[in-house]
Amino acid sequence: MAGETAKQPILQVSHVKRRFGERLILADITFSLQAGDRVGVLGVNGSGKSSLMKIVAGRDSDYEGQVHIGAGRTVGYVPQEPELDLESTVRENVETAVA
């Protein structure tokens, strides 16, 4: 965005923890992203990648910590297993998911 500086994060995640029952999936996750950053989230199955993405996208509110999205910013989210409209094309399904 015009007038942004590198010191203004577009996303800030602070001390996020997520449990499923007694199982701690995310433990004290803290990071920030600047405009133009590219990120890969890697881990074995069950390590919390999808849980973290749902938290950042506002689809999961059952966590401890803070997530701050920069002013004027939004987060798009396409689930791992989306509900597809079989009458639509792949492109149309993706466009619907990110609308």
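Sequential numbering from 1 along the given sequence is applied to the chain's residues. Quick caveat: nothing in here was measured; it's all calculated off a predicted structure.
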Which donor-acceptor pairs under 3.5 Å do side chains of residues 45-52 form with protein atoms, sequence neighbours excluded?
residue : atom : partner : partner atom : Å
S47     : OG   : V44     : O            : 2.7
K49     : NZ   : G43     : O            : 2.9
K49     : NZ   : V44     : O            : 3.0
S50     : OG   : Q80     : OE1          : 2.3

Please determine whether residues [X] and [Y] belong to a single hydrophobic cluster, defined as Ile, Leu, Val, Met, Phe, Trp and Tyr linked transitively by side-chain heavy-atom distances below 4.5 Å.
X	Y	value
Y77	I10	yes
F31	V39	yes
M53	V94	no

Applying side-chain contact (heavy atoms from CB on, under 4.5 Å) to A27 and not counting sequence neighbours gives L24
Any side-chain heavy atom of [X] sitting closer than 4.5 Å to one from [Y]?
X	Y	answer
I55	L26	yes
T96	N93	no
L11	V56	yes

Show, in sequence, the C-alpha distance, side-chain angles and deciding distance for T74 and I69, and conclude whether the side-chain contact (heavy atoms from CB on, under 4.5 Å) test is met. CA-CA 7 Å; T74 60; I69 309 297; over 6 Å; no
Supply the atom-to-atom distance K54 NZ to R59 CZ, rounded to the nearest 0.5 angstrom. 9.5 Å
I29 side, atom CD1; S14 side, atom OG - distance, nearest 0.5 Å: 11.5 Å
Taking side-chain hydrogen bond (donor to acceptor under 3.5 Å, both in side chains) as the definition, give me every residue that meets it alongside S88, ordered by chain and number, with sequence neighbours left out. D85
Any pair counted as salt bridge (Lys or Arg N to Asp or Glu O under 4.0 Å), so long as it reaches residues 89-99, sequence neighbours left out: R91-E95
Run the side-chain contact (heavy atoms from CB on, under 4.5 Å) test on T30 and V13 for me, step by step, so that the C-alpha distance in whole Å, both residues' side-chain angles and the decisive distance to 0.1 Å come before the verdict. CA-CA 5 Å; T30 298; V13 175; over 6 Å; no
Output every pair passing side-chain hydrogen bond (donor to acceptor under 3.5 Å, both in side chains) with a member in residues 16-28, not counting sequence neighbours, ordered by first then second residue. H15-D28, R18-D60
Shortest non-hydrogen contact from Q8 to Q34? O-OE1, 3.3 Å
